[in-house]
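Worksheet: the structure to be examined is printed underneath.
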Amino acid sequence: MKDREELVDEAAGAMGDLLTLMYGLLVIGAVISALGIVNTLAMSVAERTREIGVLRALGMDRTGIRRMIRLESVTVAAFGTLLGLASGLFGAWAVGSLANGAMARYSLALPWGTLLLVCLVSLVIGAVAAAVPARRAAALSPLEAVAET
């Protein structure tokens, strides 16, 4: 028969494994979202070639174009992160409210540091994902871009 300490250690080990699995899924989701952002920005740059050409012809330099594309990418990443966090927190609250009736001492404790780290990492991933599309957009010649049909 196990004493209380052994039961707590056993439950902590199972929860640690589950937490590791969840972090693994989070990393896979981040990679997939970065690829989605790169794809979306690449299509955006291809579709807005004339707009980028006009901006360059009006005086925006290559750095400004790269900054604009990076800002778009960070905005997409921020909205995706906020939507994911809101739905995840709502799901945790909903499951927690169900568990509250079954377990007397249950309380929802949010890992604020980890949530903040996830937000920051997602913004960095968004900025890094914009590197290739931003370089492509900045390399466009203004005259060739405006003349393209």
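In what follows, residues are counted from 1 in the order of the sequence shown. What you are looking at is a predicted structure, and each value in this text was computed from that prediction instead of being measured.
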Should V38 and V74 be regarded as members of a common hydrophobic cluster, given that ILVMFWY residues are connected when their side-chain heavy atoms come within less than 4.5 Å of each other, either directly or indirectly? no
Are L35 and N39 side-chain neighbours, meaning at least one heavy-atom pair lies under 4.5 Å? no
Can you tell me if T49 uses its side chain to pair, donor with acceptor, with the backbone of A145 under 3.5 Å? no
Please round to the nearest 0.5 Å and tell me the distance separating atom CZ of R136 and atom CG of L41. 11.5 Å
Taking V45 as the starting point, is it possible to reach M60 by hopping between hydrophobic residues whose side chains are less than 4.5 Å apart? yes
Give, for atom CE of M68 and atom CZ of R48, the distance between the pair rounded to the nearest 0.5 Å. 4.5 Å
If Ile, Leu, Val, Met, Phe, Trp and Tyr residues are connected whenever their side-chain heavy atoms lie under 4.5 Å apart, and connections chain through other members, are F90 and L85 in the same group? yes
Between the side chain of S87 and the main-chain N/O of L83, is any donor-acceptor distance below 3.5 Å? yes
Correct closest heavy-atom pair for P133 and A129 would be CD-O, 3.6 Å
Exercise: identify the closest heavy-atom pair between T81 and S122: OG1-OG, 2.7 Å
Any donor-acceptor pair under 3.5 Å linking the side chain of R56 with the backbone of L140? yes
Tell me whether T75 contacts the main-chain N or O of L71 through its side chain, where contact means a donor paired with an acceptor under 3.5 Å. yes
Identify whether L117 and L115 are in the same connected component of the hydrophobic contact network (ILVMFWY, side-chain heavy atoms under 4.5 Å). no
Nearest heavy-atom contact between I69 and A130 is O-CB, 4.1 Å
Hphob cluster co-occupancy, I28 + L21, side-chain heavy atoms under 4.5 angstrom: no
Exercise: identify the closest heavy-atom pair between P142 and A57: CB-N, 4.0 Å
Write down the atom of A138, the atom of I65, and the distance for their closest heavy-atom approach. N-CG2, 3.8 Å
Do V118 and L26 come within less than 4.5 Å of each other through their side chains, counting heavy atoms only? yes
Is R70 reaching over with its side chain to a backbone N or O of A127, donor-acceptor style, under 3.5 angstrom? no
Heavy atoms of R66 and R135 approach each other most closely as CG-N, 4.5 Å
